[in-house]
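I have placed the structure first, in the form of structure tokens, so that the comments after it can refer back to it.
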Amino acid sequence: MSSPLRRPVAWRVLLFPLAHAPALTLFLLLAPIAAGLIGTLLPAFGWLPVVGAADFSLAPWRMLFSEPGLWHSLALSLWTGFATTALSLLLALALLGTCYHTAWLRRIRRLLAPLLAIPHAALAFGLAFLIAPSGWLVRWLSPWATGWERPPDFAAFGPQDPWGISLIVALTLKEAPYLLFMGLAGLAQLPIEAWSNMARSLGYSPSMTFLKIIWPSLYPLLRLPVFAALAFALTVVDVALIIGPSTPPTLAVQALRWFNDPQLNHRLPAAAAVILLLLLTLMAIAAWESLARLLASWSRPWLINGRRGGQDAIARRAALSGSGLALALATLSILAMFMWSLTRRWPFPAAWPEQWTLENWQGQMDNLLTMTWNTITVGMAATGLALVLAVACLEHEVHRRVTFSGRSLWLLYLPLLAPQIGFLFGIQVLLVWAGLDGGWPALVWTHLLFVLPYVFLSLTDPWRAYDTRYEQTALALGASRIRTFWRIKLPMLRGPVAVAAAVGFAISVGQYLPTLFAGAGRYATITTEAVTLASGANRRIIGVYAVVQAALPLLGFLAALWVSQRRDS
Amino acid sequence: MVRLGGLSDRLWRYVLMPLAILLVASALKAAEPRWEEIEKTARGQTVYWNGWGGDEKANAYIAWVSEQVKARYGITIQHVKVGDIAETVSRILAEKYANRNEKGAVDLLWLNGENFHTMKGNGLLFGPFSEKLPHYPLVDTITIPSTTLDFTEPVEGMEVPWGKAHLVFIYDPAQLQNPPKTVAELMAYAKAHPGRFAYPEPPDALGSTFLKQVLIELTEQREALQAPVAETTFGAVTAPLWGWLDEIRPHLWRQGQAFPKSAPALRQLLADGEIDLAFSLNPNEASAEIEKGNLRNTVRTYVLSGGTIANTHFVAIPYNSSAKEGAQVIANFLLSPEAQARKLDPTIWGDPTVLGLEKLTPADRERFTTLKRGVATLSPSELATPLPEPHPSWVERLETAWRARYSR
């Protein structure tokens, strides 16, 4: 057996960083966030010398609280955040609970990848057209069924509705698949077989088994992902810009508006609004957690009341039709954008375009190639880096038998829990200071903040579940650690690695604000271009970009599927 | 001198005048190399040009400009499209914050009004330079006063006029025979056809322009708008505007509970048939959109009977640009008759020119006169009554007051 002492020097050099991997990873994640928060905290308390504010004061807060519509924005953020998270969790729970023991589970798993891959913004564009009073759904039904020759005028329906319903739907279409995905990963960690066999022998119906036995153990594994979903829904900017209410908008959008106000002193209340949003997120997470605990303690008598039967068939039908509806909305949204990308003229109430054209694609070709290249290179670099760091951390953990969990897992989740606009302005200043802004490394680094947590989470379970006896056998046969890793462990885990890479790539493709702030506009990606074009409201061009934006991560997932199913050569 | 008669005349004709010509010519020559110098330094530079990227016609035009300046001057343009130019102002601010006083990320930006006011006031602009550009003398500063007064803010060489905006209303005569010609008629129309009129939500530039238009038409103190806003008189000056907006609100699209977010979103509502009447700051936009298939070819434009607001949009160079020479060469190219005529062509973009046609050579003038006017575009005489923009401080104040009333 090769002891560390007898390992060739070159290997030692290569392995040396392993011990530093966790520290390096945390530094890469936390340093920019800390700097970013400081860069936001200072102006929130009145220190932004460049606009002539150089004393610490509460003036920005006074300005913030005197803003009309602030309380409305705040309430709107809370409502859409909670409603989205609850709805998404409910959908995921219903689907898992009624299908976990059936063949549907495999089908769901397969359908999940493309849903996870669609970037938020693309979905929001499509949905906005789908549900507008002059949108696709109404066009199908008009005028023959509705009698509408002109689009109806609804105030409470369609994109930008005052209650944010369309925003909630758009976010749920993305959050539910994500929670489902994390739920599936969680299920894999629990002894489901044994539990359900035992429950069945006691006469519990499958859905009762899930609710009373599996769910109480599954939810703790989902806690952090649920918090991330909640934080995301509370602080999202691009989707809310596209489909959310605007008089007033959610707090995150309002903060961005102030940041971008031509009156420079609005940066001060903007920074205060961001800090407020951060506090709001923390309070929302705390409220969610207490609510969950309350529900858990209330349901305790019900959990042990011994009732075993359930309306399984009805529950499953409800769950499947709910998810079917969500899936249909998502598919139609993307399809609508694809139709628009080929449209020259499509007036109301025609169900299909009147004149078709390839001009929209041809006119954008040069631009598309550049943007696609930027998107792919940044995505691959950030994902590659994230894979190396995550694998290094996990290997270190395996070798030292220390687990990266508890508090450090929270740290890892921090970029997902803190509102993006909360630290991105600060990061921008930091990058400018360091002379790194607008550079490719800065862009990759900023993407890494959001890619790494997801990659790490996707890899953790497969890595921990890996049977170390394979490694031991190889080592016993005289292979070095490095060789064992490259020839035995990595090939065996290539499936999870490929999926993690696809997840990471999809996350990178979807980044809007980080690209905007770190890229200095010099690196535009498909997503920044699409959101910018959204300000032009030209569905034809937005359609082109939305389709490409959705296609790129999808190709990533297909590649992952191919890698994980390929036989060894 | 008079007594010397013929001698002085001959002296003037054969000695002094040639001398004067020589002097002027040599002075010009001395000035000329400076521009040549700039062009020489500019060669090989990369210019990051930030501008609103929501209009694919403008984007395509800028792509053409990129090809031209690459071929002619060896300058590379990187077009940075932003959703709102204020993002760019914000970035330049972050750079100043971090003491990045040279090699900034932005070399040229497309702006006007409030953003110009902010940048000029905060020392974020390079200049004065615009009046020294070789093509600047072609600009029609007389009949287009907004080329030197950007929302009443003196330009003073800190930005280069690029294009002209004029508020026009867009409608389809097939649906709307007698479009409202005054603000009062607009109210009557909205009441008779609930849900079929909308205006973009301020602070969108078109939305704010609409507020200013209504204000100019209704207020009894029009001259107050040309001076900075005064808190003491704001209420009295604007009271008729708020009364009008309150009254029309329930009759607006979506009962005034949601507003289109931008000028293009307003146009899209017209294209989708959700509204009957839209408006635009580009008098050629309707024609250009018909050309692209976005609007029906029966669509036409008009201006209100009391005239409508007109302004100019500009390009400027940030104080910390790393390619000031390249940016100047591009700005000068944008002012060339060739580039301005192409910009005016509704099949390309349809953005009106800032040049005075009488200042051009006959050949250059022909570039403009041979252009076919779009089907929905008004003639210059129909656009002859522009109203001046109020002082930029009004925009901010009106937007805040609007938000306090309708966005809470």
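Since the model is a prediction, treat every value here as computed from it, not as a measurement. Within every chain, numbering begins at 1; the chains are lettered A, B, ... in the order of the sequence lines, protein sequences first and strands thereafter.
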Heavy-atom pair count under 4.5 Å with chain A, highest-scoring of [options]:
{"options": "B:Gln78, B:Gln268, B:Arg100", "value": "B:Arg100"}
{"options": "B:Ser262, B:Gly83, B:Gly293", "value": "B:Gly293"}
{"options": "B:Glu399, B:Gln175, B:Glu114, B:Glu201", "value": "B:Glu201"}

Please indicate whether [X] has more than 12 foreign heavy atoms, meaning atoms of other residues, nucleotides or ligands, lying under 6.0 Å from its [atom1].
{"X": "A:Asp366", "atom1": "CG", "value": "no"}
{"X": "A:Trp373", "atom1": "CH2", "value": "no"}
{"X": "A:Trp361", "atom1": "CH2", "value": "yes"}

Sort [X] into side chain, backbone, both or neither according to what part of it lies under 4.5 angstrom from a heavy atom of chain A.
{"X": "B:Arg296", "result": "both"}
{"X": "B:Asn59", "result": "side chain"}
{"X": "B:Leu295", "result": "backbone"}
{"X": "B:Leu269", "result": "neither"}
{"X": "B:Trp49", "result": "neither"}
{"X": "B:Ala265", "result": "both"}
{"X": "B:Phe259", "result": "both"}
{"X": "B:Lys103", "result": "neither"}
{"X": "B:Leu111", "result": "neither"}

Do you know which of [options] has the most heavy-atom pairs under 4.5 Å to chain B?
{"options": "A:Leu76, A:Thr370, A:Thr528, A:Leu516", "answer": "A:Leu516"}
{"options": "A:Gln355, A:Glu354, A:Glu67, A:Arg540", "answer": "A:Arg540"}
{"options": "A:Arg257, A:Arg345, A:His72, A:Gln364", "answer": "A:Arg345"}
{"options": "A:Pro347, A:Ala132, A:Pro133", "answer": "A:Pro133"}
{"options": "A:Ser73, A:Pro152, A:Ser246", "answer": "A:Ser246"}

Grab the two heavy atoms, one from [X] and one from [Y], that are nearest each other, plus how far apart they are.
{"X": "B:Arg196", "Y": "A:Pro151", "answer": "NH2-O, 3.1 Å"}
{"X": "A:Arg539", "Y": "B:Asp272", "answer": "NH2-OD2, 2.6 Å"}
{"X": "B:Ile290", "Y": "A:Arg344", "answer": "O-NH2, 4.3 Å"}

Closer than 3.5 angstrom, by distance alone: can the side chain of A:Thr247 be matched with the main-chain N or O of B:Gln257 as a donor-acceptor pair?
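Looks like yes, one N/O pair under 3.5 Å.
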
Measure the spacing between CG of A:Asn538 and NZ of B:Lys57 and express it to the nearest 0.5 Å.
8.0 Å

Hey, what do you get for CZ (A:Phe259) to CG (B:Leu93), rounding to the nearest 0.5 Å?
10.5 Å

List for me each residue that meets ring-ring contact (aromatic ring centres under 6.0 Å, His included) alongside B:Trp52, sequence neighbours excluded, and say none if there are none.
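None.
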
Flag the pair A:Arg150 / B:Asp276 as yes when at least one side-chain heavy-atom distance between them is below 4.5 Å, and no otherwise.
yes

If the test is side chain to side chain contact (heavy atoms under 4.5 Å, CB included), which one of B:Lys81, B:His79, B:Glu56 qualifies with A:Asn367?
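It is B:Lys81; the other options fail the test.
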
Part of A:Pro349 lying under 4.5 Å from any heavy atom of chain B
neither

